[in-house]
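The sequence lines fix the lettering, A, B, ..., with proteins before strands; numbering per chain opens at 1. The analysis underlying the following values was restricted to heavy atoms, covering all of them including side chains, and did not include hydrogens, waters or symmetry mates. Since the model is a prediction, treat every value here as computed from it, not as a measurement.
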Amino acid sequence: MRFSQYLVTTSKEASREAECVSHQLMLRAGLIMKFAAGIYSYLPMGYRVLARITSIIEEEMERIGAQRLLLPFVQPAELWKKSGRWESWGEELVRFKDRKGADFVLGPTHEEVITQLIKQQINSYKKLPVIVYQVQAKFRDEPRARGGVIRAREFLMKDAYSFCQSKEEAKVIYEKMKEAYQRVFSRCLLDYRLVEADTGTMGGEFSHEFIILTNSGEDRIVECERCGYVAKLERAVCITDEAEKGERKPVKEVSTPGIRTIKELSHFLACQERKTLKTIFYETDKGLIAVLVRGDHYVNEEKLRLLLKAKELKLASDNLTRKEIGAEIGFVGPVGLDRNKLVVDNTVMQGKNFVTGANKKDVHLINVNPNRDFEPTLTGDIRFPVLGDSCPLCGNETKIKRAIELGQIFHLGEGYSSSLGATFLDKMGKEKYFIMGCYGIGVSRLLAAVIEQNYDKDGIIWPKEIAPFQAVVIATSPDTARAAEGAYLRLKKAGIDTLWDDRDVSAGTKFSDADLLGIPFKVILGNIFLKEDKIEIKTRRRGEKEKVGRNGISQRIKELVKDAE
RNA sequence: CGGGGCGUAGCGCAGCCUGGUUAGCGCGCUUGCUUUGGGAGCAAGAAGUCGUGAGUUCGAAUCUCACCGCCCCGACCA
């Protein structure tokens, strides 16, 4: 490809819009162009990378026997009504009517559609198991798009679905898929982690997520740098420290006029936030519940819901709380709440002499102690971890870091097949629901993720497997322009994806652009060529240089590509 | 949805507070000449509904109001 004719514009300056490294570099290197919040075009250079990632995915999917297909982007609402997700998804699901007034959605994911397809296509165990996948645009009307293609509303996704006869068979495929994902991410040169995940709106029985650690990430994880424990913040187990030592002092009322928040309280009484307690009311299908966590902690509502075995759980309104305890918000405490269920976080049970609200306006209690001043109905781990919590595996101090999710795999079970009535006949002639799994990779997001882990001050450093071009030919003087064209033609003939920088710009510009674009090998024809009749090769990643005769250029680049990262 | 910021040429910005000729600067773009080993120089050019709408005013990029869009933090979400 001739650079002068290629639809790419590079830029020295970063766009004001872009905050994170990958977003800035993608804009500067001319990979993408924004049309609206979270809606992007991929320019030829960006599309080349997408195509290469897609072909890696295709190879790894085919390796485990998955079959590629293509499902509709626009889906009839009927299927979503059957699965229940017409109601359970909020505004993220884009809904519209066609000219006849029929409801449709823009596909944010394809469990419904694929289940319907398999239901009609497969009636017998003889065709099972089956794994299918596609690479397609998805649309999710996110409340807030961010980080360029890290969280876009329209994005490219690889989604795979498996249909099995039994849970055992499904687990085998789940493991195969996990390995395939590991190969895909390794080939993209990603330093990823595998963590347990919640099943969220997909439903299902268990799930794993592949993530990379980076400051541009939007998810938070807990990591132990000693033993390598990594977990999503909401999944991380909070272990309880040893019981605090010391005397239990007598409870005393203190006047705290107008002091409502934990911050104000700890400031006013000159105590640490960890010495205070928060009392929060939740409305649940099991009634109104009082929940107690330390002042410096936050309630993990999902953990709480599981502990209570509740279906519904939401924060009680201020009015309801006020009515229940007859006191102002900000002065709520556990002492004397006998008629309410009281769920207490483990950490609270280990502490002594806490400050809490007195359930009276402008009054707090000091020296409140669990099992003396209040009795929990239930105790458990119901909080999010905080910086410095002990690692649940080795006890070392943990850190909280940011991460990007690359992909997630779910064991779904029978959820979708039962709601959509998708069955097959087993060996005994008995009708059974398909056991399903679904597996996603954010393909467009992978571009950003790879850049987050492969760049330097000069620009992107593409791993060879997904580089848009393997080599860029640069003539640094008009005198070597013809020879450069010759080298370009040789490389092209040898089947090497090569960009020929035939622009009439300075050598410096060509070098800078080659670096920004992240092309693994620069093939340079300049002074050295004129003096020694040698072509110079410079690697992007390590900056290593070597000289080679003009006849050996294709052969040498092939060798270098083979050995490169 | 809450908080903060922004909207002026393709991109990055100045001008706005304190209203007043033809709205500037840098990058990029076009033409010519000289250049070409790490983002060249000179010269000449093209390019703007100042986000939209209303209002105040003799006069609005500038002041007022409403709306739209975008970015960041959070909520939300995978």
Side-chain angles (χ1 to χ4, degrees), chain A residues 8-20 23-24 27-28 30 33-40 88-93 108-109 138 140-148 150-153 155 157 159 195 197-204 207-211 216-221 232-235 298 301-302 314-315 402-410 438-442 445 457-459 474-481 484 501-517 522-531 535-536 538 540 543 545:
Chain A
V8 62
T9 314
T10 57
S11 165
K12 262 185 278 193
E13 286 169 307
S15 167
R16 191 171 45 86
E17 299 222 316
E19 200 90 339
C20 59
H23 190 195
Q24 283 187 9
L27 291 170
R28 285 187 54 210
M33 182 173 152
K34 188 180 82 175
F35 279 82
I39 295 175
Y40 290 87
S88 67
W89 278 54
E91 289 185 296
E92 210 177 317
L93 179 66
T109 179
K138 300 282 186 265
R140 296 181 188 177
D141 197 0
E142 299 285 349
R144 188 183 150 208
R146 71 184 108 187
I150 289 177
R151 188 169 206 81
R153 292 192 295 166
F155 60 100
M157 183 176 180
D159 45 328
V195 297
D198 279 341
T199 50
T201 50
M202 291 302 160
S207 173
H208 284 87
E209 203 170 281
F210 295 81
I211 58 167
S216 302
E218 44 174 359
D219 295 343
R220 262 171 255 264
I221 58 103
K232 306 273 301 183
L233 203 63
E234 64 268 28
R235 292 279 302 196
Y298 291 89
E301 294 179 1
E302 186 59 18
K314 69 169 192 193
L315 202 61
R402 286 180 165 262
I404 297 177
E405 177 199 336
L406 306 172
Q408 188 168 5
I409 56 179
F410 298 84
C438 73
Y439 319 88
I441 293 178
R445 181 184 278 179
K457 65 175 172 46
D458 297 317
I474 294 173
T476 61
S477 146
D479 300 333
T480 54
D501 196 343
D502 61 332
R503 295 174 301 169
D504 183 23
V505 295
S506 71
T509 302
K510 293 179 186 174
F511 286 134
S512 300
D513 277 343
D515 288 342
L516 176 60
L517 293 171
K522 285 192 274 288
V523 172
I524 305 161
L525 292 90
N527 296 334
I528 294 166
F529 182 78
L530 293 173
K531 282 185 212 142
I535 296 175
E536 195 176 350
K538 189 171 179 188
R540 175 67 180 93
K545 290 188 227 175

Notebook entry, point to check: Quick one: A:Arg402 CZ to B:C72 P, roughly how many Å, whole number?
Noted result: 11 Å
Next item on the list: Would you indicate what A:Ala403 reaches in the nucleic acid, counting non-hydrogen atoms under 4.0 angstrom: base, sugar-phosphate, or nothing?
Entry: nothing
Note to self: Given B:C70, B:C76, B:G38, identify the nucleotide with an atom nearest to the side chain of A:Arg146.
What the structure shows: B:C76
Next item on the list: Could you tell me whether the side chain of A:Arg153 and the main chain of A:Ile39 form a donor-acceptor pair under 3.5 Å?
Entry: no
Margin query: Mind checking if A:Arg220 touches a base, just sugar-phosphate, or nothing, with heavy atoms under 4.0 Å?
Written below: sugar-phosphate
Margin query: Between B:A60 and B:U52, how far apart are the two C1' atoms, rounded to whole Å?
Written below: 15 Å
Margin query: Whether the side chain of A:Glu209 engages the backbone of A:Val195 through a donor-acceptor N/O pair (distance < 3.5 Å, no angle test) should be reported.
Written below: no
Check: Considering every strand shown, what is the Watson-Crick or G-U wobble mate of B:C13 when both distances are under 3.5 Å?
Finding: B:G24
Note to self: Over all strands shown, is A:Glu405 touching base, sugar-phosphate only, or nothing at heavy-atom distances under 4.0 angstrom?
What the structure shows: base
Notebook entry, point to check: B:G7 pairs with which nucleotide, Watson-Crick or G-U wobble, both distances below 3.5 Å?
Noted result: B:C68
Check: Side chains of A:Glu302 and A:Glu234: closer than 4.5 Å at any heavy-atom pair?
Finding: no
Notebook entry, point to check: How would you label the contact of A:Ala14 with the nucleic acid (heavy atoms, under 4.0 Å): base, sugar-phosphate, or nothing?
Noted result: sugar-phosphate
Note to self: Of the options B:G38, B:A40, B:C76, whose atoms approach the side-chain atoms of A:Ser506 most closely?
What the structure shows: B:A40
Checklist line | Most 5' of A:Ser477 and A:Leu516 on RNA chain B, judged by nearest nucleotide | finding: A:Ser477
Next item on the list: Using a 4.0 Å heavy-atom cut-off across all strands, classify A:Lys538 as base, sugar-phosphate, or nothing.
Entry: base
Checklist line | Atom-to-atom span, NZ of A:Lys232 to C1' of B:C77 - whole angstrom | finding: 10 Å
Checklist line | Rounded P spacing from B:G59 to B:G74 in Å | finding: 47 Å
Notebook entry, point to check: Looking for any heavy atom pair under 4.0 Å, which part of the strands does A:Ser15 touch: base, sugar-phosphate only, or nothing?
Noted result: sugar-phosphate
Note to self: Only pairs with both distances under 3.5 Å count, Watson-Crick or wobble alike; so what is the partner of B:G2 in this structure?
What the structure shows: B:C73
Note to self: Show the nearest heavy-atom pair for residues A:Ala37 and A:Ala145, with the distance to one decimal.
What the structure shows: C-CB, 4.2 Å
Check: Counting any heavy atom closer than 4.0 Å, what does A:Lys510 reach on the DNA or RNA strands: base, sugar-phosphate only, or nothing?
Finding: nothing
Item checked: Side chain to side chain, A:Ile524 and A:Lys545, heavy atoms closer than 4.5 Å -> no
Checklist line | Considering all heavy atoms, the nearest A:Phe410-A:Tyr439 contact | finding: O-CE2, 4.1 Å
Item checked: Separation of B:G38 P from A:Leu517 CG (nearest whole Å) -> 19 Å
What N/O pairs connect the protein and nucleotides 2-8 of chain B at under 3.5 Å? Give each pair on its own line.
from, atom 1, to, atom 2, distance (Å)
B:C6, O2', A:Arg16, NH1, 3.0

Notebook entry, point to check: Please give, in whole Å, the distance from B:C71 C1' to A:Glu19 CD?
Noted result: 8 Å
Check: Step by step, would you call A:Trp89 with A:Thr109 a side chain to side chain contact (heavy atoms under 4.5 Å, CB included)?
Finding: CA-CA 12 Å; A:Trp89 278 54; A:Thr109 179; 4.1 Å; yes
Check: Ignoring hydrogens and geometry, is there a side-chain-to-backbone donor-acceptor pair from A:Thr480 to A:Leu525 under 3.5 Å?
Finding: yes
Item checked: Interatomic distance at C1', B:A23 relative to B:C50, whole Å -> 8 Å
Notebook entry, point to check: Between A:Ile535 (CD1) and B:G37 (P), how many Å, whole number?
Noted result: 19 Å
Notebook entry, point to check: If pairing requires Watson-Crick or G-U wobble contacts with both distances under 3.5 Å, which nucleotide is the partner of B:U57?
Noted result: none
Margin query: On RNA chain B, compare the nucleotides closest to A:Asp504 and A:Pro143; which residue's is nearer the 5' end?
Written below: A:Asp504
Margin query: For a quick check, tell me whether the side chain of A:Lys545 and the base of B:G37 share a donor-acceptor pair closer than 3.5 Å.
Written below: no
Margin query: Using a heavy-atom cut-off of 4.0 Å across all strands, would you classify A:Arg28 as base, sugar-phosphate, or nothing?
Written below: base
Check: Under 4.0 angstrom, heavy atoms only, what part of the nucleic acid is A:Leu27 near: base, sugar-phosphate, or nothing?
Finding: nothing
Check: Does B:C42 have a Watson-Crick or wobble mate here (both distances under 3.5 Å), and if so which one?
Finding: B:G32
Next item on the list: For A:Met33 and B:C70, give me the distance from atom CE to atom P, rounded to whole Å.
Entry: 14 Å
Notebook entry, point to check: Over how many whole Å does the gap from A:Glu91 atom CD to B:C1 atom P extend?
Noted result: 8 Å
Check: When all nucleic acid strands are considered with a 4.0 Å heavy-atom cut-off, which category describes A:Glu13: base, sugar-phosphate, or nothing?
Finding: base
Next item on the list: Establish whether the base of B:G39 is bridged to the side chain of A:Arg503 by a donor-acceptor pair shorter than 3.5 Å.
Entry: no
Margin query: Treating A:Arg540 as the side-chain partner and A:Asp515 as the backbone partner, does any N or O pair qualify as donor plus acceptor under 3.5 Å?
Written below: yes
Next item on the list: State whether the side chain of A:Ser207 and the backbone N or O of A:Ile409 hold a donor-acceptor pair below 3.5 Å, judged by distance alone.
Entry: yes
Note to self: In whole Å, measure the gap between the C1' atoms of B:G53 and B:A61 for me.
What the structure shows: 16 Å
Next item on the list: Tell me which nucleotide among B:G37, B:C70, B:U35 gets nearest to the side chain of A:Ala507.
Entry: B:G37
Checklist line | Atom P, compared across B:U62 and B:U8: separation rounded to whole Å | finding: 14 Å
Next item on the list: Please measure how far the C1' atom in B:A54 lies from the corresponding atom in B:C73, and state the result in whole Å.
Entry: 33 Å
Note to self: Please classify the nucleic acid contact of A:Arg151 as base, sugar-phosphate, or nothing, using heavy-atom distances under 4.0 Å.
What the structure shows: base
Next item on the list: Could I get the full list of salt bridge (charged side-chain N to carboxylate O under 4.0 Å, His left out) partners for A:Glu142, not counting sequence neighbours?
Entry: A:Arg151
Checklist line | Interatomic distance where CG belongs to A:Leu530 and P belongs to B:G37 [whole Å] | finding: 12 Å
Next item on the list: Using a heavy-atom cut-off of under 4.0 Å over every strand shown, decide if A:Glu536 touches base, sugar-phosphate, or nothing.
Entry: base
Next item on the list: Tell me whether the OP1 or OP2 atom of B:G28 has a side-chain N or O from A:Ser11 closer than 4.0 Å.
Entry: no
Item checked: B:A75 versus B:G39 - spacing of their P atoms, nearest Å -> 45 Å
Next item on the list: Would you confirm whether A:Arg445, through its side chain, and A:Glu405, through its main-chain N or O, come within 3.5 Å as a donor-acceptor pair?
Entry: yes
Item checked: Counterpart base for B:C50, defined by Watson-Crick or G-U wobble contacts under 3.5 Å -> none
Notebook entry, point to check: What nucleic acid atoms does A:Ile524 come within less than 4.0 Å of, heavy atoms only: base, sugar-phosphate, or nothing?
Noted result: base
Notebook entry, point to check: In whole Å, what separates the P atom of B:C29 from that of B:C65?
Noted result: 42 Å
Checklist line | base_contact_polar (B:G38 base, A:Asp458 side chain, donor-acceptor, <3.5 Å) | finding: no
Margin query: Does A:Gly147 reach a base, just sugar-phosphate, or nothing at all? Heavy atoms under 4.0 Å.
Written below: sugar-phosphate
